[in-house]
Amino acid sequence: MRERVLEPELMDDPALNGRRHTTALRGLARLNRLSSAGAAVYGCLEDLIERATPGRPLRVLDVASGGGDVAIALAKQGKDRVAVHGCDISKRAVQRANAAARR
């Protein structure tokens, strides 16, 4: 691969039909669940979590977090040892992630 070709994500298109976007977010959540993406990220962070200041959680920002499934899984696994925040360009995805986090 000599040249990086940047193409916009379909899910980042503000004109994307709400139903299609929701379907895509559900599919992404299913893939993340089946691949144990949250546990994989936690495994990569374990050393940093151990070295974090005692009594203070490691702060993690999940950029392009979509529906928040990886961030939520990471927060669940990390309990009080990890403080996870997510952000996404899609307002719909952020709304979905906030609703899932409240549940």
Under 4.5 Å between any side-chain heavy atoms of [X] and [Y], yes or no?
{"X": "D47", "Y": "R51", "answer": "yes"}
{"X": "R96", "Y": "H21", "answer": "no"}
{"X": "H85", "Y": "D62", "answer": "no"}

Starting from [X], walk the hydrophobic network (Ile, Leu, Val, Met, Phe, Trp, Tyr; side-chain heavy atoms closer than 4.5 Å) and list everyone else you reach, by chain and number.
{"X": "V94", "result": "none"}
{"X": "I89", "result": "none"}
{"X": "I49", "result": "V41, Y42, L45, L48, L58, V60, V70, L74, V82, V84"}

Checklist outcome for this item: salt bridge (Lys or Arg N to Asp or Glu O under 4.0 Å) filter on D80, not counting sequence neighbours, yields none
Item to check | By salt bridge (Lys or Arg N to Asp or Glu O under 4.0 Å) - contacts of R59 (at least two apart) | outcome: none
Might you point out which heavy atoms bring [X] and [Y] nearest each other, and give the distance in Å?
{"X": "A64", "Y": "D88", "value": "C-OD2, 3.3 Å"}
{"X": "T22", "Y": "R92", "value": "OG1-CD, 4.2 Å"}
{"X": "A83", "Y": "P57", "value": "N-CB, 3.8 Å"}
{"X": "A73", "Y": "G38", "value": "CB-CA, 3.9 Å"}
{"X": "L16", "Y": "R20", "value": "CD1-CB, 4.0 Å"}

Checklist entry - Under 3.5 Å, is there a donor-acceptor pair between the side chain of T53 and the main chain of R56? => result no
Return a table of donor-acceptor pairs under 3.5 angstrom between the side chains of residues 24-35 and protein atoms on other chains or two or more places apart.
{"from": "N32", "atom 1": "ND2", "to": "L28", "atom 2": "O", "distance (Å)": "3.3"}
{"from": "N32", "atom 1": "ND2", "to": "D69", "atom 2": "OD2", "distance (Å)": "2.5"}
{"from": "S35", "atom 1": "OG", "to": "L31", "atom 2": "O", "distance (Å)": "2.9"}
{"from": "S35", "atom 1": "OG", "to": "N32", "atom 2": "O", "distance (Å)": "3.4"}

